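Below is one structure, written out as structure tokens; comments come after it.
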Amino acid sequence: MPTLSSRASFWTAAAVAALALWSSAAPTLAYPLYEAQWGISSADATWIFSAYPAMLIVVLVLFGNLSDYIGRRNTILLGLGAQIIGTLVFAFAPGYAWLIIARLFIGAGVGLALSPASVAMVEFAAPGKKERAGSVTTTATAVGLALSTLVGGALIQYAPLPLHLNFFVLAAVTLVVFVFATALPRHNPAEPAGRWRVRPIAIPRGSRKLFGIGALTISAAYLCGALILPLGAQIAHTLAGSNNALVTGSLMAIFPVMVAAGSLLTRTWHVRSLTFTAGITLIIGLWLFDLTGSVPSLALYFVASALAGLGYGLSFTAGLTILTRFAAPKHRASMVSGGYLIGYVFQGGAAPILGAITTGSGIRTALLVGAISYTLIFLIMMISARRLTTPSPEVAAAA
């Protein structure tokens, strides 16, 4: 079978990153139907949401460095295969427990595929353009998130089988990308010698401070997602005053659109500038989002979602750039996997807590708690970014 060119491999890896967010967010607009038909509560919905990062964390701990040994291609294929299974389980799910199982498969698939895809985009980028890989990865994930809200909203609202067809379409698209991924190059640059075995994620000594900053910056983006995605659909649904899933999805799409815009418009910025600007926009966006819980204004929702999306895009791009730019090739997968691991630990913990607060005290209280606690984390991220320096000569020479 012919092997894809570097350019085609780059965009295939980008498609894998897009599918990670599409598959993770695909059930979001279906939750109101599950609530209506199966009696699922807001807390149940957040437990379904958190099953995904919980499994992803396990996979990253056990298999975070797998692609460094068996190749980006093989690991991506394993991940896409698990995502297809999870998507089909969603399509045929007869009850609540099956939704948890589906999310576990999707979490495993994204855990296996997203990190090697992110690293592959750096390795397949054209000479002199490797620094744009972080912004393109962010844009790709934003495209996947937008597709989940727009395509999912349209299929759920206007197509037959509202709880099934959305997932059949996603499974078909994933299968197409799987076929392209089979033609990716087999090996990585500077593959470690020896057999793969389960081992702790290895962070080079000279890069640990930078790793901590990068992981915290990715975590800030994922915390924003843990608030916006589960609760944003409820707010958009209430503000729109309509049960139309496409209307709700269109309102939610402003978030990923601004994620993509932010990552593309700032791709030449230094990571310190990216991180500082991300913190400011995340704080303002989340406090405005908090106001939507008490001020029923679509205009306020749009501004809040736009700023939160912009901050998410800048934060994710900055974190991923730190983790890929300062890592030697043989450690890239471990660095990126470690960053995703910490990000999903934050996200996996935040989602059920916010869901429990929503169920017990209402969405207004959950938004306020989220805004206060997240502001402290975003401030720490901004202060930490001031310590960013160039990589050590050993890391720079190996990169």
Side-chain angles (χ1 to χ4, degrees), residues 16-17 19-28 43 45-69 75-76 78-83 85-87 89 99-119 137 141 144-145 196-203 208 211-230 312 315-316 319-320 323 331-356 373-374 377 381:
V16 174
L19 281 171
L21 267 290
W22 187 351
S23 61
S24 69
T28 301
T46 53
W47 278 112
I48 296 170
F49 182 88
S50 62
Y52 160 81
M55 175 56 78
L56 200 149
I57 289 166
V58 172
V59 170
L60 288 175
V61 169
L62 297 178
F63 304 103
N65 64 344
L66 181 63
S67 76
D68 283 334
Y69 288 82
T75 313
I76 286 172
L78 288 173
L80 291 176
Q83 286 175 244
I85 293 173
T87 303
V89 172
L99 301 182
I100 298 289
I101 294 171
R103 289 289 281 175
L104 292 174
F105 269 105
I106 290 176
V110 173
L112 287 168
L114 182 56
S115 175
S118 303
V119 174
T137 303
T141 58
L145 188 55
W196 172 83
R197 59 182 176 84
V198 175
R199 51 169 63 82
I201 293 176
I203 307 302
R208 288 176 184 172
F211 168 78
I213 298 171
L216 177 61
T217 307
I218 285 180
S219 298
Y222 279 16
L223 281 171
C224 178
L227 182 71
I228 299 294
L229 292 178
Y312 181 107
S315 183
F316 186 81
L320 196 58
L323 296 178
H331 294 297
R332 279 189 183 133
S334 292
M335 288 277 283
V336 175
S337 293
Y340 284 142
L341 170 62
I342 292 176
Y344 279 112
V345 167
F346 274 92
Q347 187 186 73
I353 291 173
L354 292 173
S373 56
Y374 285 13
I377 295 172
M381 175 191 74

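Fair warning: this is a prediction, and the values are worked out from it, not measured in the lab.
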Residue pair Val58, Tyr344: steps toward the side chain to side chain contact (heavy atoms under 4.5 Å, CB included) verdict
CA-CA 10 Å; Val58 172; Tyr344 279 112; over 6 Å; no

Result for side-chain contact (heavy atoms from CB on, under 4.5 Å) between Tyr52 and one of Leu104, Ile57, Val110 points to Val110

Here the pair of heavy atoms bringing Val59 nearest to Gly111 is CG1-C, 3.8 Å

Value for CG (Leu66) from CG (Leu60), rounded to nearest 0.5 Å, stands at 11.5 Å

Beyond-backbone contact of Leu99 with Pro27, side-chain heavy atoms, under 4.5 angstrom: no

| message | Classify the ring geometry of Phe316 against Tyr312: parallel below 30°, tilted from 30° to 60°, perpendicular beyond 60°. | response | parallel

Residue pairs meeting side-chain hydrogen bond (donor to acceptor under 3.5 Å, both in side chains), one or both in residues 99-115, sequence neighbours left out, come to Ser115-Ser337

Closest non-hydrogen atoms of Gln83 and Ser23, given as atom of the first, atom of the second and distance, are NE2-OG, 3.2 Å

Rounded to the nearest 0.5 Å, the CD1 atom of Ile218 sits from the CG atom of Leu223 at a distance of 12.0 Å

### Query
With a 4.5 Å limit on heavy-atom distance, are the side chains of Leu216 and Ile342 in contact?
no

Task: Leu114 vs Val16 side-chain heavy atoms within contact, under 4.5 Å - done: no

### Whether over 12 other heavy atoms sit under 6.0 Å from Phe105 CZ
no

Here the pair of heavy atoms bringing Ser118 nearest to Val336 is CB-CG1, 4.3 Å

Between Ala350 and Tyr374 the two heavy atoms that sit nearest each other are CB-OH, 3.6 Å

Taken to the nearest 0.5 Å, the spacing of Thr141 OG1 from Leu21 CG works out to 4.5 Å

Interatomic distance, CD1@Ile101 vs CE@Met55, rounded to 0.5 Å, equals 10.5 Å

Nearest heavy-atom contact between Ala17 and Ala117 is N-CB, 4.4 Å

**Asked** Checking side chain to side chain contact (heavy atoms under 4.5 Å, CB included) for the pair Ile377/Phe346: CA distance, chi angles, key distance, verdict?
**Response** CA-CA 11 Å; Ile377 295 172; Phe346 274 92; 4.3 Å; yes

For Leu112 and Gly79 the tightest heavy-atom approach is CB-CA, 3.7 Å

Across all chains, not counting sequence neighbours, the side-chain contact (heavy atoms from CB on, under 4.5 Å) partners of Ala220 are Leu282, Ser315, Phe378, Met381

Rounded to the nearest 0.5 Å, the CG atom of Leu323 sits from the CZ atom of Phe211 at a distance of 6.5 Å

